[in-house]
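Below is a structure I'd like to ask you about.
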Amino acid sequence: MKNKKVSIVVVVFVVLAMSVAGYFLLKPEKVVEEEELSLSSIKNITELATYECVYHNTAEYDDKGDYFWEGDSRLWIEYSGTVKLGIRADKIDMKVDGNKVTISLPQAEVLGQGSIDKDSLTEDSYFSEKGNIFAKDMDAEVEAKALANAQSEMEKEARSDTATLKAARERAKLLIENQIKKIGQAQGKEYKIEFVDA
């Protein structure tokens with residue numbers, strides 16, 4: 001009988017020891033490392049927060065003749081192009097005070113230069129008009145000037161598109177807010193987020 005009690009105690013002890021060992025050995029590891037709330041993590045998000053706007057328009061280029069007998073020549077080019085809008089990461093600032101996070105966020109702007117989609121240019125995209133028979137024919141130089149003018153006009157139009165610029169800034173705010181909340185969840189914190197104009 002005594003051997004039976006000892007056997008039961010040993011079995012219970014072995015089962016308990018195996019359960020504890022199994023818990024520590026088979027415990028799921030944290031797959032995601034705890035991320036720190038830092039300005040660089042916020043700046044990385046804003047680089048993703050861009051709008052790419054597609055424009056379809058007609059550019060006009062006037063070539064005044066070099067001499068008075070040369071008439072004006074005009075060239076119209078129908079084109080498509082893109083301009084990127086977003087927040088410049090180098091203008092963002094962040095302050096953390098306990099659980100309060102204040103983000104200084106600038107207004108959205110045109111990022112880089114717009115680009116003309118060369119595939120949108122076909123033979124039918126060009127139309128020229130000569131003021132008289134002495135006017136210069138349109139050549140590659142005039143075409144290049146017309147395309148540069150088109151790119152400039154496209155960027156100017158994007159800069160004046162306040163609704164899209166506002167939407168690009170709101171998208172950046174949303175992505176930043178989601179990133180801060182995700183970091184807070186990983187840290188077991190709930191951050192209060194405030195955006196101010198930079």
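Below, each value reflects all heavy atoms present in this structure, side chains not excepted, and no hydrogens, waters or symmetry copies.
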query = Is there a side-chain contact between V101 and M94 (heavy atoms, below 4.5 Å)?
reply =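 In short, these two side chains touch, coming nearer than 4.5 Å.
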ask   = What's the spacing between E155 CD and E153 CD if we round to 0.5 Å?
value =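 E155 CD to E153 CD: 10.0 Å, rounded to 0.5 Å.
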key: Which atom of R88 lies closest to which atom of P106, heavy atoms considered   = O-CG, 4.2 Å
ask   = Would you find a donor on one side and an acceptor on the other, under 3.5 Å apart, between the side chain of S104 and the backbone of A198?
value = no
ask   = Does Q151 reach the main-chain N or O of G114 with its side chain, forming a donor-acceptor pair under 3.5 Å?
value = yes
query = Of all heavy-atom pairs between A146 and I77, which one has the smallest distance, and what is that distance?
reply =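 It is CB-CD1, 3.6 Å.
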message = One pair to check against side-chain contact (heavy atoms from CB on, under 4.5 Å): E157 and N57. What are the steps and the verdict?
response = CA-CA 11 Å; E157 190 174 333; N57 208 345; 3.6 Å; yes
request  = Flag the pair L147 / K118 as yes when at least one side-chain heavy-atom distance between them is below 4.5 Å, and no otherwise.
outcome  =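 With C-beta onward as the side chain, the pair touches.
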message = If I take atom CD1 from residue I180 and atom CG from residue L175, how far apart are they, to the nearest 0.5 angstrom?
response =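 Answer for the CD1-CG pair, I180 versus L175, is 11.5 Å.
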ask   = Is I92 reachable from V96 through a run of hydrophobic residues whose side-chain heavy atoms are each under 4.5 Å from the next?
value =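 Result: yes, single cluster for both.
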Residue pair I87, L105: steps toward the side-chain contact (heavy atoms from CB on, under 4.5 Å) verdict = CA-CA 8 Å; I87 303 295; L105 193 65; 3.9 Å; yes
key: Closest approach of L121 to E78 (non-hydrogen atoms, all atoms of both residues)   =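 Heavy atoms of L121 and E78 come nearest at CD2-O, 3.6 Å.
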ask   = Under a 4.0 Å N-O cut-off, is there an ion pair linking K173 with E177?
value =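 Here K173 does not pair with E177 in a salt bridge, since their nearest N and O are not under 4.0 Å apart.
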key: Flag side-chain contact, heavy atom, 4.5 Å: F195 against I176   =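 With C-beta onward as the side chain, the pair touches.
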remark   = Taken in chain and number order and not counting sequence neighbours, the residues that satisfy side chain to side chain contact (heavy atoms under 4.5 Å, CB included) with T122 are D124, S125
Gap between atom NZ of K166 and atom CD of E170 - 0.5 Å precision =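 It is 6.5 Å, given to the nearest 0.5 Å.
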ask   = Looking only at heavy atoms, what is the nearest atom pair of T164 and C53, with distance?
value = CG2-SG, 3.5 Å
inquiry  = For the OG1 atom of T82 and the CG atom of L85, what is their distance to the nearest 0.5 Å?
reply    =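 Here the rounded value is 10.5 Å.
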K189 side, atom NZ; N99 side, atom CG - distance, nearest 0.5 Å =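 Those atoms lie 6.0 Å apart.
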query = Any chance CG of D90 has more than 12 other-residue heavy atoms, nucleotides or ligands included, within less than 6.0 Å?
reply =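 Yes.
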inquiry  = For a side-chain contact (heavy atoms from CB on, under 4.5 Å) check, start with the C-alpha distance between K95 and D93, then their side-chain angles and the critical distance, and finish with the verdict.
reply    = CA-CA 7 Å; K95 290 187 172 105; D93 196 21; 4.2 Å; yes
request  = Report the distance from atom CD1 of I193 to atom CD of Q179, rounding to the nearest 0.5 Å.
outcome  = 10.5 Å
Y51 and R171, any side-chain heavy atoms less than 4.5 Å apart = yes
key: N-O pairing of D197 and R169 below 4.0 Å   =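 Yes, this pair counts.
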ask   = Do R159 and E109 meet the salt-bridge criterion of a basic N to acidic O distance under 4.0 Å?
value = no
